[in-house]
Amino acid sequence: MKLTLRPPKPPKSWLTATVIAALATTLTLPTASAATEGATPVTSAAATTATATAAACGSTNVALSRPATASSTENAGTPASAAVDGNAGTRWSSAFSDPQWLQVDLGSSQQICRVGLTWEAAYGRSFQLQVSDNGTTWNTVHSTTTGTGGTQNIDLTGTGRYLRVYGTVRATGYGYSLWELSVFTTSDDTGPGVPDTDPYNPNFGPNTYVYDPSTPAGTIQSRLDQIAAQMKTNQFGTQRHAVLFKPGNYNADVNLRFYTQVAGLGLSPDDVNLNGHIRVEADWLQQGDNPDNLGNATQNFWRSAENLSVTLPAGQIERWAVSQAAPYRRMHLRGQVQLWNGGDGWASGGLIADSRIDGVVESGSQQQFFTRNSELRGGWSGSVWNMVFTGSTGTPPQNFPNPSHTVVDNTPKIREKPFLYITGGGEYRVFVPALRTNARGTSWGAGAPAGESISLADFYVVQLGTPAATINAALAEGKHLLFTPGVHHLNDTIRVTNPNTVVLGLGIATLVPDTGLPALTVSDVDGVKLAGFLVDAGATNSPVLMEIGPSGSSASHAANPTSLHDVFFRVGGAHAGKASVSLRINSDDVIGDHMWLWRGDHGTGIGWNTNTAANGLVVNGDNVTMYGLFVEHYQEYNTIWNGNGGRTYFYQNEMPYDPPNNASWSAGGGNLGWAAYKVADSVTSHEAWGVGVYCFFNTNPSVVASRGFEAPNRSGVRFHGLVTVSLGGVGTINRVINDTGETVNQPHQVSYVQNYP
């Protein structure tokens with residue numbers, strides 16, 4: 001284990017001697033209202049900062065990853081966005097004529113003080129720099145007829161939301177070509193600053209409850225029961241909760257409901273032992289036509305149990321009746337567990353990862369389930385359509401399709417999810433487990449795990465209502481982010497530009513982009529870790545909710561990949577959200593570790609023309625690997641894989657329920673509908689294990705999909721353990737993959753293909 005200590009923070013660029021003399025104000029942060037009934041208080045120390053009366057030009061490039069447009073592009077490989085993506089190897093280039101322009105939307109009116117231009121060999125001899133508040137009426141703030149090309153840093157004064165480079169005379173016979181356009185302002189460093197976090201006394205917000213063994217058991221149980229009652233059926237509410245236990249022993253019954261995280265604060269799961277239960281019950285949702293049958297677990301979403309051990313009372317079992325977005329991660333269960341209601345209930349998916357279960361796991365009616373890098377000491381019993389195991393011990397043997405057990409002995413490359421813990425000295429830290437290759441079993445079973453420990457002093461703790469500008473200022477300072485439980489509305493994109501940044505959510509923290517911009521973007525850098533949060537599309541359509549690497553990313557990150565852990569996406573359900581693409585991955589070597597991308601099929605704001613969403617996941621990067629990938633109900637290809645070397649271990653999909661008819665739901669070219677999983681025709685290497693696609697066309701049961709999977713028919717593209725299902729026979733899928741596999745419909749509802757080709 002390595003402890004990373006943060007060097008002293010350098011002074012901000014505007015803290016000159018003259019400015020320091022003008023410092024005038026003091027800001028005091030409010031005391032945290034985190035409930036700590038009987039536990040050690042978790043509050044924030046008062047922080048002071050100041051506002052300057054004058055400021056030098058800032059050092060943050062406010063044009064980075066902002067929306068950019070241009071008068072023209074030379075070809076598809078040189079888009080306007082390439083000039084603001086932070087990648088010095090990509091560029092915008094125009095048509096070979098005059099005039100031409102490139103403009104960037106800074107998101108709000110800014111006081112611009114410097115513009116950087118990094119020209120390719122085809123540069124502008126005569127050009128103007130212009131600003132505008134509306135993108136229509138322009139004011140020129142710099143003009144030259146003797147441009148030199150190369151790298152130019154131009155000091156100027158101007159205010160506007162938009163900046164435009166307007167070229168009138170080219171220096172060559174080619175177009176205008178910019179590797180990078182950067183914009184700096186006098187406003188990016190003049191705010192109140194980013195407060196430091198006291199790692200011994202942090203403010204985790206009002207919805208985080210931290211307990212230690214001295215807390216009376218009745219106090220803990222009362223809070224747990226209160227949360228469970230509030231969240232039992234609160235599927236689309238705004239409440240979020242995190243219940244955290246310091247190392248020690250507890251007696252409690254955790255009835256885990258919506259938007260609630262329960263987690264231990266030890267370095268090992270066995271540092272926290274709970275005598276009792278951490279359970280998920282199927283006891284609230286009607287199943288079928290009988291209003292008294294509430295055994296339906298197919299909507300038990302958005303909750304998690306992490307990093308502690310549970311000792312069951314003698315003679316009792318655990319119940320973990322869940323479907324999507326409900327990870328059971330880094331747990332030690334001393335006993336056996338049922339993955340459904342134990343009777344006739346329905347259940348539809350889940351994850352066990354990095355866990356040890358001493359008793360038998362009974363999957364019962366679970367339709368599909370993914371188990372990764374776990375020790376099943378009591379074995380596994382059961383199968384329906386798609387049970388997948390990678391890097392685990394105690395699993396059933398490989399067998400497909402009857403029973404449908406897909407088993408991969410070792411996980412080729414994985415990093416476990418980062419987690420919050422507390423040291424014996426009372427310091428909060430985040431542990432980032434090391435990358436493992438050919439991994440089998442848990443990361444912690446053999447003793448202290450390998451990885452990096454980061455003090456919470458190096459994190460900015462994001463409270464509800466924190467502006468995106470403050471979040472981005474913290475990232476620019478080199479800080480990591482910890483989001484407190486709640487719904488965080490964003491008026492701008494969160495831009496992660498530094499390598500090895502950790503973004504961690506507590507209590508299923510939720511990010512909502514309100515202005516149609518992405519919620520979060522990541523530069524093409526090494527080792528970013530995103531974990532434990534939900535991105536919920538806003539009412540204004542976002543072209544993409546999250547993007548990993550800008551278009552054209554090409555750097556190798558094989559030794560230190562970016563990874564996503566328990567990151568979920570939603571379009572509709574809580575409100576009428578819209579997003580063309582939920583997640584686009586342009587960087588190479590990215591790892592996805594349990595993700596659910598969901599266009600809502602129930603809730604508020606649901607309809608074919610209401611919660612519009614074309615694609616869930618688009619992969620353009622090479623060597624991207626997905627473990628436990630759930631993508632559902634998108635209106636075109638749910639998953640598009642354009643990069644080479646991709647791997648998927650477990651895939652679960654339901655096609656959209658609501659296509660009005662095949663005339664309005666078709667990929668063209670003689671195809672009916674859209675395949676759920678599309679590997680591009682140009683791909684030469686791809687492999688997937690344990691993959692399923694289901695249909696339930698209840699709006700119009702006569703709708704037909706030509707196939708579940710679509711991929712080039714070549715030796716380097718391989719699938720293992722495929723299944724398609726017509727749920728209840730409502731709708732038809734003609735083939736499993738390409739032209740292979742039997743039709744599923746009312747008389748024949750399940751079709752398997754063992755291997756393809």
Side-chain angles (χ1 to χ4, degrees), residues 320 322 327-331 333 336-340 347-414 416 436-443 445 591-595 625-630 646-653 677 686-693 709 717-725 736-737 741 750-757:
W320 190 257
V322 300
Y328 195 82
R329 182 186 288 276
R330 197 181 172 81
M331 295 287 290
L333 177 63
Q336 73 179 66
V337 61
Q338 294 178 340
L339 302 182
W340 85 114
S348 182
L351 170 84
I352 296 173
D354 200 27
S355 295
R356 176 184 296 167
I357 299 178
D358 293 344
V360 64
V361 179
E362 294 183 307
S363 63
S365 62
Q366 271 288 352
Q367 296 167 352
Q368 65 274 313
F369 209 91
F370 182 57
T371 304
R372 181 186 61 69
N373 288 98
S374 294
E375 299 174 15
L376 308 180
R377 296 194 168 187
W380 178 285
S381 174
S383 168
V384 179
W385 294 321
N386 191 30
M387 304 289 137
V388 182
F389 309 84
T390 68
S392 298
T393 62
T395 70
Q398 165 66 33
N399 190 94
F400 192 88
N402 188 24
S404 56
H405 293 150
T406 299
V407 181
V408 179
D409 289 340
N410 297 307
T411 303
K413 183 183 290 187
I414 189 66
E416 297 297 340
R436 295 197 292 164
T437 58
N438 295 319
R440 188 169 173 82
T442 67
S443 66
I591 294 173
D593 173 28
H594 186 228
M595 294 189 298
T625 302
M626 291 286 151
Y627 301 100
L629 177 60
F630 301 75
R647 291 188 171 197
T648 296
Y649 298 84
F650 181 91
Y651 181 75
Q652 187 262 327
N653 167 268
Y677 190 109
H686 186 91
E687 197 158 8
W689 292 260
V691 292
V693 171
F709 299 87
V717 178
R718 301 185 297 274
F719 287 77
H720 314 281
L722 306 92
V723 59
T724 56
V725 182
V736 177
I737 181 169
V750 183
S751 179
Y752 296 103
V753 172
Q754 289 184 317
N755 293 288
Y756 182 90

Any idea which heavy atoms bring [X] and [Y] closest together, and the distance?
| X | Y | result |
| --- | --- | --- |
| S404 | V384 | OG-O, 3.2 Å |
| V322 | A347 | O-CB, 3.9 Å |
| M387 | G382 | CG-O, 4.2 Å |

N/O donor-acceptor pair under 3.5 Å between [X] side chain and [Y] backbone:
| X | Y | result |
| --- | --- | --- |
| R440 | G391 | no |
| T625 | I591 | no |
| Q338 | W320 | no |
| N373 | A439 | yes |

Calculate, to the nearest 0.5 Å, the distance between atoms [atom1] and [atom2] belonging to [X] and [Y] respectively.
| X | Y | atom1 | atom2 | result |
| --- | --- | --- | --- | --- |
| K413 | N438 | NZ | CG | 10.0 Å |
| T390 | F370 | OG1 | CZ | 3.5 Å |
| N755 | W689 | CG | CH2 | 11.0 Å |
| R329 | L351 | CZ | CG | 5.5 Å |
| I414 | R436 | CD1 | CZ | 8.5 Å |
| F389 | T411 | CZ | OG1 | 13.0 Å |

Non-hydrogen side-chain atoms of [X] and [Y] separated by less than 4.5 Å:
| X | Y | answer |
| --- | --- | --- |
| F369 | I352 | yes |
| R330 | S443 | yes |
| S365 | W340 | yes |
| Y677 | N653 | no |
| D593 | R372 | yes |
| H720 | V408 | no |
| Y649 | T406 | no |
| Y752 | Q754 | no |

Practice item. Check side-chain contact (heavy atoms from CB on, under 4.5 Å) between Q336 and all other residues, then give those that pass, not counting sequence neighbours. Key: I317, V360, E362
**Study point:** Non-neighbouring partners of Y328 that pass side chain to side chain donor-acceptor pair (under 3.5 Å), sequence neighbours left out
**Key:** none
**Study point:** Listed partners of Q366 passing side chain to side chain donor-acceptor pair (under 3.5 Å), at least two apart
**Key:** none
Practice item. Any chance you could lay out the side-chain contact (heavy atoms from CB on, under 4.5 Å) test for Y756 and F709, step after step, and finish with the verdict? Key: CA-CA 11 Å; Y756 182 90; F709 299 87; over 6 Å; no
Point to revise | side-chain contact (heavy atoms from CB on, under 4.5 Å) evaluation trace for Q652 with Q367 | key: CA-CA 10 Å; Q652 187 262 327; Q367 296 167 352; over 6 Å; no
Review point. Which residues pass the ring pair (Phe, Tyr, Trp, His ring centres under 6.0 Å) test with F630, sequence neighbours left out?
Key: H594, F650
Review point. Taking atom types as modelled and ignoring hydrogens, do the side chains of S374 and S355 form a donor-acceptor contact shorter than 3.5 angstrom?
Key: no
**Study point:** For R356, salt bridge (charged side-chain N to carboxylate O under 4.0 Å, His left out) partners two or more places apart
**Key:** E375
What side-chain donor-acceptor pairs closer than 3.5 Å can you find for residues 394-402, not counting sequence neighbours?
{"unit_1": "Q398", "atom_1": "OE1", "unit_2": "V407", "atom_2": "N", "d": "2.7"}
{"unit_1": "N399", "atom_1": "ND2", "unit_2": "N402", "atom_2": "O", "d": "3.0"}
{"unit_1": "N399", "atom_1": "ND2", "unit_2": "P403", "atom_2": "O", "d": "2.9"}

